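Accompanying notes for the structure given below.
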There are 2 protein chains.
Amino acid sequence: MVSLQIGDCSKQAKAASIKRTSWNCKLAEIKQRNMDSSQLSIKLIEGPKAPNTKAYNFSYLFCLSLLICSPCLNFFFISRALFRSPEPSWSSRAATEAEAVAARSCSGHGSAFVDGILVDGKHVCECNACYRGPDCSEFVQGCAADAESGDPLFLEPYWRQHAASSAVVVAGWHRMSYQTDGDYFISIELERHIRKLHSHVGNAITDGRFIIFGAGSTQLINAAVHALSPNSTVSSPASVVASVPYYMVYRTQTEFFNSRAYEWKGVTSKWVDKLNSSAPNFIEFVTSPNNPDGRMQQPILPGSSVIYDHAYYWPHFSAIKAPADGDLMLFTISKLTGHAGSRFGWAIVKDEGVYKRMLTYLGINTMGVSRDTQLRSLKLLKAVLGEERGAAGSIFEFAFRTMRERWHKLNKLVSSSDRFSLQQTRPEYCNYFGKIRDPSPAYAWLKCEREEDKNCYAVLRAGGIISRSGYKFGADGRYTRLSLIRSQDDFDLLIRRMDALITKEKARNM
Amino acid sequence: MVSLQIGDCSKQAKAASIKRTSWNCKLAEIKQRNMDSSQLSIKLIEGPKAPNTKAYNFSYLFCLSLLICSPCLNFFFISRALFRSPEPSWSSRAATEAEAVAARSCSGHGSAFVDGILVDGKHVCECNACYRGPDCSEFVQGCAADAESGDPLFLEPYWRQHAASSAVVVAGWHRMSYQTDGDYFISIELERHIRKLHSHVGNAITDGRFIIFGAGSTQLINAAVHALSPNSTVSSPASVVASVPYYMVYRTQTEFFNSRAYEWKGVTSKWVDKLNSSAPNFIEFVTSPNNPDGRMQQPILPGSSVIYDHAYYWPHFSAIKAPADGDLMLFTISKLTGHAGSRFGWAIVKDEGVYKRMLTYLGINTMGVSRDTQLRSLKLLKAVLGEERGAAGSIFEFAFRTMRERWHKLNKLVSSSDRFSLQQTRPEYCNYFGKIRDPSPAYAWLKCEREEDKNCYAVLRAGGIISRSGYKFGADGRYTRLSLIRSQDDFDLLIRRMDALITKEKARNM
């Protein structure tokens with residue numbers, strides 16, 4: 001039987017100026033005296049009086065707080081362990097790796113990727129154009145501004161801000177089969193979400209239409225041309241045409257695949273007068289908004305089969321005026337969410353025969369679209385659909401704001417110059433936002449106005465800007481396309497180089 | 001200033017027979033008396049004496065235990081929180097969803113998928129053929145055994161057992177760009193792992209060769225035919241041929257794409273005598289091991305351009321005798337890891353010109369392979385390469401064991417019948433396993449031996465077995481292909497139906 005005055009211990013602690021160890025000290029005393037614990041009792045007694053026992057009192061206070069707080073803390077930890085959702089098991093290794101890579105800093109001028117190259121066990125930063133160094137912090141002096149391709153990296157910051165809603169975990173056994181729950185290798189849920197999205201945005205009618213998936217709209221372009229071409233070897237090949245300036249791939253694919261069923265016949269307008277009442281064996285590409293100049297286009301050959309390319313018919317780039325209602329319409333996730341690397345697009349098709357011929361093409365070409373990509377696309381569309389219509393920070397608001405600002409900056413700069421001009425744009429009423437909106441095209445269709453500047457691409461290249469020549473759009477070399485949808489780094493550099501070019505021109509004119 | 005004998009409180013608790021609430025009671029007393037906490041002290045005093053104070057002593061013991069255990073417990077929780085790897089943040093929502101779906105039980109006769117249909121907020125089970133019901137537990141009586149397609153689901157159980165090493169987390173901003181770290185839309189790390197894998201297995205030489213990715217070998221078949229065809233419109237089209245029985249897609253694609261650059265010319269053997277010394281404008285498919293009969297094949301037309309399809313040249317299906325060394329070789333992940341749904345294949349190409357033409361084809365056709373698929377394929381190959389060569393439970397050992405057992409069962413059954421026969425196989429030395437191994441082909445090439453059984457597919461179909469007719473391989477209808485690589489359910493039912501068919505035949509013969 002032992003009586004232990006805790007105060008003794010605290011006094012020792014005080015003497016040794018180790019106030020915070022008093023509790024351990026007390027426990028040690030108890031242990032050392034090898035007490036019979038059944039004969040112990042705890043009593044709260046009157047403490048020593050102030051003023052000469054201030055530190056002493058503090059120790060007692062500390063002890064009491066511990067006595068009260070410790071079980072509370074226990075309660076907190078235990079209930080947290082009991083009531084939280086179960087911790088990931090098989091997915092945690094992949095999650096740890098993905099989060100570690102995501103946390104890698106690349107100075108805002110690059111990214112590290114889980115499937116990127118490893119150096120010393122760490123994923124290296126892949127730097128944006130004109131940046132280098134281990135963390136992409138070094139600007140490459142004299143580097144040309146890249147405004148060439150339609151790489152939609154302007155949306156990357158959005159997805160970094162929406163990490164939780166857009167992450168996907170793919171199990172090792174996810175959809176190993178050729179089959180899915182839908183016919184023809186497609187995910188029913190993804191198809192359903194695509195229909196929902198068009199209804200949400202109001203940019204296309206999907207009711208009673210067939211939907212087909214492709215590896216980007218790229219794959220669907222040729223699938224559509226195939227499906228609209230004559231099925232028989234005795235018919236003459238279909239004539240494929242597009243209006244200038246046109247997206248180059250229409251021509252490249254048609255010529256490259258070199259099929260006996262179709263051939264490239266150039267510019268649509270040159271056939272208008274030649275064909276009297278109808279053009280039944282013509283396949284006409286109608287890109288709306290147009291790439292490169294953003295114009296809303298309509299078919300011009302009566303009786304032609306029309307492929308509507310609506311890659312840019314989203315609130316980012318264009319006022320949504322009415323749901324598109326073409327017989328065969330193409331869309332792509334590249335320009336919707338910015339996931340060009342995923343290679344996912346879809347066609348909305350009215351005619352069942354055309355739909356089935358496209359399906360056959362896709363089956364024979366690649367046996368449908370990667371099911372991993374379909375899973376990811378579904379997640380991205382869910383994230384988009386989870387947002388309130390046009391709300392601040394939502395993808396469409398973010399994307400529109402970014403594009404409008406970029407267009408405004410470039411337009412202002414070019415307007416100050418006599419040497420260059422841009423396509424004409426004006427504010428328009430948009431059903432999606434429910435208001436008049438400023439222009440926000442994906443590309444600037446730049447014209448060199450001086451007589452001697454016949455190759456506008458070369459003029460810009462000399463000024464440190466890489467653009468895409470008008471020649472590549474079947475147009476005059478006096479035109480060139482500047483991409484406004486690339487990374488912020490690319491755009492900022494474009495503005496700097498453009499500014500320098502115009503400033504130099506003004507200085508020369510003075 | 002207050003003096004509180006904790007014993008008082010405990011006494012009350014004892015009286016009320018609520019021993020476990022004594023601690024709360026003490027706290028309440030302290031609070032009720034509104035004590036000035038700075039004037040409190042704690043003292044361990046001699047407890048009331050036994051024997052009439054047993055419960056009383058228990059309370060004190062409980063208090064003391066609490067006093068000791070509680071901080072220890074907190075110490076445990078806090079150190080756990082401090083020293084464990086950081087918890088997933090943005091990936092945790094996706095991980096929770098994926099793990100919940102994976103935990104869904106489908107009675108072993110189906111699977112739930114993250115992108116599957118939801119009913120009442122739960123992902124439904126997608127049942128294997130011949131099973132139905134909410135948890136796929138109901139067998140559909142009289143259902144035909146599906147042995148038709150090459151759906152490689154025999155590997156699904158392996159990946160379920162290797163969940164942690166094969167899971168992938170894809171961040172929302174993963175490889176949004178058209179570009180990757182490698183040229184031509186490919187991941188350098190994935191290319192490196194493919195080379196490593198071939199060196200590990202010893203089934204192909206990759207040193208000094210180019211590697212190109214496709215959406216399954218399906219896409220690469222036509223890319224290769226394109227690349228080996230004449231580049232000029234003045235040359236006559238290339239003649240595409242294959243030896244019977246051949247994989248149908250060679251013919252289907254060549255005819256379907258209807259190019260001016262090549263045409264299907266049927267069976268290789270019929271050209272051997274017609275061409276004297278060489279066949280420079282011939283493209284010869286050599287499938288080795290062959291689909292459907294598993295034979296190791298060699299080209300037979302001197303001077304032809306050869307496309308070696310090595311989809312099945314893995315230790316699962318064939319003895320690895322020497323690294324393949326063809327000019328143009330095709331492989332696919334579908335038959336390696338079983339991920340047919342991912343649509344990923346690769347070609348190993350010796351000639352730079354051919355490689356570049358294939359690249360152009362893939363660029364124009366789909367702008368390369370989905371970067372999401374590349375990420376996942378990399379993870380799968382890492383899992384395969386992380387295993388010890390041929391170790392028990394490793395993918396090659398598991399897959400070989402499964403296939404050998406299936407072949408053994410079917411072969412034994414068919415051998416007991418006079419009506420059917422299978423292709424001849426024999427044990428062979430395998431470099432990969434370093435020993436003689438039993439046969440384990442992916443398909444059974446079944447022959448109906450009776451004179452009247454001219455349509456072997458129909459004979460089996462009448463017996464409740466769906467196979468793929470010999471006609472589809474350019475062969476006699478007396479042959480039909482049975483797939484041995486589908487799910488265990490499919491295989492088990494095939495054996496049951498085959499057994500019933502043979503038993504019936506024997507009964508008839510008796």
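The structure presented is a predicted model; accordingly, all values stated were derived computationally and were not measured. Lettering of chains follows the sequences in order, A, B, ..., and the numbering in each one begins at 1.
The CG atom of B:Asp181 sits 12.0 Å away from the OG atom of A:Ser111 when rounded to the nearest 0.5 Å. A distance of 14.0 Å separates CD of A:Glu189 from CZ of B:Phe113, quoted to the nearest 0.5 Å.
Between A:Trp90 and B:Ala102 the shortest heavy-atom distance is CZ2-CB, 3.6 Å. Nearest approach of A:Met176 to B:Thr337, heavy atoms of both residues: CE-O, 3.5 Å. Shortest non-hydrogen contact noted between A:Ala95 and B:Ser91 is CB-OG, 3.4 Å.
Only the side chain of B:Ser187 comes within contact range of chain A, judged by heavy atoms closer than 4.5 Å. Both the backbone and the side chain of B:Ser165 come within less than 4.5 Å of a heavy atom of chain A. Both the backbone and the side chain of A:Tyr361 come within contact range of chain B, judged by heavy atoms closer than 4.5 Å. Of the two parts of B:Ala261, the backbone and the side chain both hold a non-hydrogen atom closer than 4.5 Å to a non-hydrogen atom of chain A. Heavy atoms of B:Leu375 lying under 4.5 Å from chain A belong to its backbone as well as its side chain. Heavy-atom distances place both the backbone and the side chain of B:Ile364 under 4.5 Å from chain A. At a 4.5 Å heavy-atom cutoff, the contact between B:Glu263 and chain A is made by side-chain atoms alone. Of the atoms belonging to A:Arg376, it is side-chain heavy atoms, and not backbone ones, that fall under 4.5 Å from chain B. When heavy atoms are compared at a cutoff of 4.5 Å, B:Arg93 approaches chain A solely by way of its side chain, counted from C-beta outward. Neither the backbone nor the side chain of A:Ile333 comes within contact range of chain B; no heavy atoms are under 4.5 Å apart. Both the backbone and the side chain of B:Ile117 come within less than 4.5 Å of a heavy atom of chain A. At a 4.5 Å heavy-atom cutoff, B:His193 makes no contact with chain A through either its backbone or its side chain. For a residue to count as touching a neighbouring chain, one of its non-hydrogen atoms must lie under 4.5 Å from one of that chain's; by this rule A:His226 touches chain B with the side chain only. Contacts of B:Val124 with chain A are absent, with no heavy-atom separation under 4.5 Å from either backbone or side chain.
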Practice prompt. Decide yes or no on salt bridge (charged side-chain N to carboxylate O under 4.0 Å, His left out) for A:Asp115 and B:Lys379, but give the supporting numbers first.
Written response: CA-CA 8 Å; A:Asp115 60 356; B:Lys379 187 74 173 215; over 6 Å; no

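When each of B:Ala383, B:Ala171, B:Gly338, B:Pro157 is scored by its heavy-atom pairs under 4.5 Å with chain A, the top score falls to B:Gly338. Annotation: maximal heavy-atom pairing with chain A below 4.5 Å, among B:Leu380, B:Leu378, B:Leu190, B:Asn365, occurs at B:Asn365. Between chain A and the residues B:Ser166, B:Ser259, B:Ser334, the largest count of heavy-atom pairs under 4.5 Å involves B:Ser259. Ranking B:Pro152, B:Ala340, B:Ser487 against chain A, the residue ahead of the rest is B:Ala340, based on heavy-atom pairs under 4.5 Å.
Under a 3.5 Å cut-off, the side chain of B:His339 and the backbone N or O of A:Ser177 do not form any donor-acceptor pair. Panel note: side chain A:Arg343, backbone B:Tyr178; no donor-acceptor pair is recorded below 3.5 Å. Side chain of B:Glu99 to main chain of A:Ser89: a donor-acceptor pair is present (N/O by atom type, distance under 3.5 Å, no hydrogens or angles). A donor-acceptor pair under 3.5 Å is absent between the side-chain atoms of B:Arg371 and the main chain of A:Ser342, judged by distance alone.
Salt bridge B:Arg175/A:Glu156: absent, no basic N to carboxylate O contact under 4.0 Å.
Counting only N and O atoms by type, the side chains of A:Thr373 and B:Ser370 include a donor and acceptor under 3.5 Å apart.
Counting only heavy atoms from C-beta outward, the side chains of B:Glu97 and A:Val169 never approach each other to under 4.5 Å. Inter-residue side-chain proximity for B:Gln179 and A:Asp151 is flagged as met; some heavy-atom pair is nearer than 4.5 Å. Side-chain atoms of B:Phe256 and A:Thr360, non-hydrogen and from C-beta on, do get closer than 4.5 Å to each other.
Near-neighbour residues of residues 214-222 of chain A relative to chain B, defined by a heavy atom under 4.5 Å from a heavy atom of that chain, comprise A:Ala215, A:Thr218, A:Gln219.
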